[in-house]
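Quantities reported herein were computed from a predicted structural model and do not represent experimental measurements. In listed order, ligands and their atoms are each counted from 1. Count residues from 1 along the sequence.
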Amino acid sequence: MKAAKPVFVCQECGVQRPKWQGKCDDCGAWSSFVEERPFEGAMGGPTTHRYAMPGSQAPGAKKYAEIEASKADRITTGIGEFDRVLGGGIVPGSLVLLGGEPGIGKSTLLLQAAANFANAVGPVLYASGEESEHQIKARGDRLGVGDAPLYLLAETCIERILEEIGRVKPALMIVDSVQTVFSLKFQSAPGSIGQVREAATQLLFTAKGHNIPTFLVGHVTKDGNIAGPKALEHVVDTVLYFEGERHHSHRVVRAVKNRFGAVSELGVFEMTGAGLRPVPNPSALFLAERPTASPGSAVLCCLEGTRPLLVEVQALVSTSSYGQSRRMAVGIDQNRLSLLLAVLEKRAGLHLVSDDVFVNIAGGMSIEEPAVDLGIVAAVASSTRNRPIPQGTAVFGEVGLGGEVRGVAQANLRIREAEQMGFTRIVLPASNMEASEEMGKAELVGVRSVGEALDVLLS
Ligand code: TYD
Ligand code: MG
């Protein structure tokens, strides 16, 4: 047998080259190539079937109509908010990647889910390369795990983990984290893209072949990507991100890819002394400390996945004491803020050139959807004119460059949430009025332009 040739793999994008190079010609990253030499002999024997899909016995294509629809019975994690981001529970045989910064609560959430699952469904195997069994047990005691059939394995060799899966035959598998796992087939260090991809692929085939749902924990790199991002996100069925600020107790789990459910679905938790507690009514949490009758505060109805959410947009406009005025955005896109300030300047006659403008989404949330625009505009104008937005008023709507207020998706859901939270007046795009007429409890005010919206909100 010929000795396997080394390959050099870019750790940023996964592209393979026969020689080392300083700059990746594919993604432009510098010094990102690492040699990944297959272990001599490990790849011996027929390799053609290594990636054959297990469970597909009969070769050849099948007729669509003859394929039985597999009923994707969901298995609950016992944690309502977690089920929600997963699209209604765990799908048998699915591979789920849970990413997030260190210390955000990934291991805690999965240990809680594992304990529930073990009690309700069957044995769970929790392989950890980050903590010893004792450390996990100490945490489990705080979470009240009890004597569920939960098996802990402090192991990082994927071949050994697969052996244990064969022995324990778990109903759920957890690998914490995928970056610590290595395969004997490669010589490169754990966490390199080849190792991460190999571990994920092997676990994928085990998950699909034996119908064992599997969770992978993934660390997030400085720029916010799961290390080896492209390689992993394609392999797994579902990608969840754990977000939140260290200094806030609430945490948000967001689905960014889901083969079995809606994306950008959101689950909200609060970190307590006894683990993560689901927050079924996040609007109340995000509005809890809102100042009343204070200029620069607007309540926005935004939508995360299928879930409407009320958040507070705060703005502070103050005279700039230095030559250049500053614009700062937390929780919204900085460019979006610049654009909206220009619209306010040009279309609503606000003079902001010599002012510092700070905008913040209270509670550490971050919002990407365009419906946030009207909330930002309202909060900034309210602070500029030093006039509060009347209590009980909520807003949503996209703002265009012409100063027009544009309709947004799912107006009904937003209105219902605002009504449930006790808001009595909702300022929304005029084009969303038709779809929303029949509701009734709150007064709906449709606006066509930024000027009109500010008249309604601040007169
Ligand atoms: P952890 O799940 O270890 O984070 P990750 O796996 O994402 O790195 O969470 C660690 C943090 O959570 C740690 O700072 C302590 C805190 N924590 C609590 O506040 N309460 C608890 O019951 C537990 C288990 C952890
Ligand atoms: Mg952890």
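Ring geometry, H250 versus F286: the interplanar angle exceeds 60°, so the pair is classed perpendicular (tilted spans 30 to 60°).
In this structure, R251 contributes its side chain and F242 its backbone to no donor-acceptor pair below 3.5 Å. A donor-acceptor distance shorter than 3.5 angstrom exists from the side chain of T214 to the backbone of I212, with no hydrogens or angles considered.
Taking 4.0 Å as the cut-off between side-chain N and carboxylate O, E304 and R254 count as a salt-bridged pair.
Contacts classified as side chain to side chain donor-acceptor pair (under 3.5 Å) and involving residues 81-108 (residues at least two apart or in different chains) are given here: T76-D83, T77-D83, E81-R307, S107-D176.
Among the backbone and side-chain atoms of S177, no N/O/S atom is found under 2.8 Å from the Mg ion (ligand 2).
Donor-acceptor pairing under 3.5 Å is lacking for the side chains of S320 and D355.
Around ligand 1, the residues contributing at least one heavy atom under 4.0 Å from the ligand are E101, P102, G103, I104, G105, K106, S107, T108, R139, R142, L143, M271, T272, G273, A274, G275.
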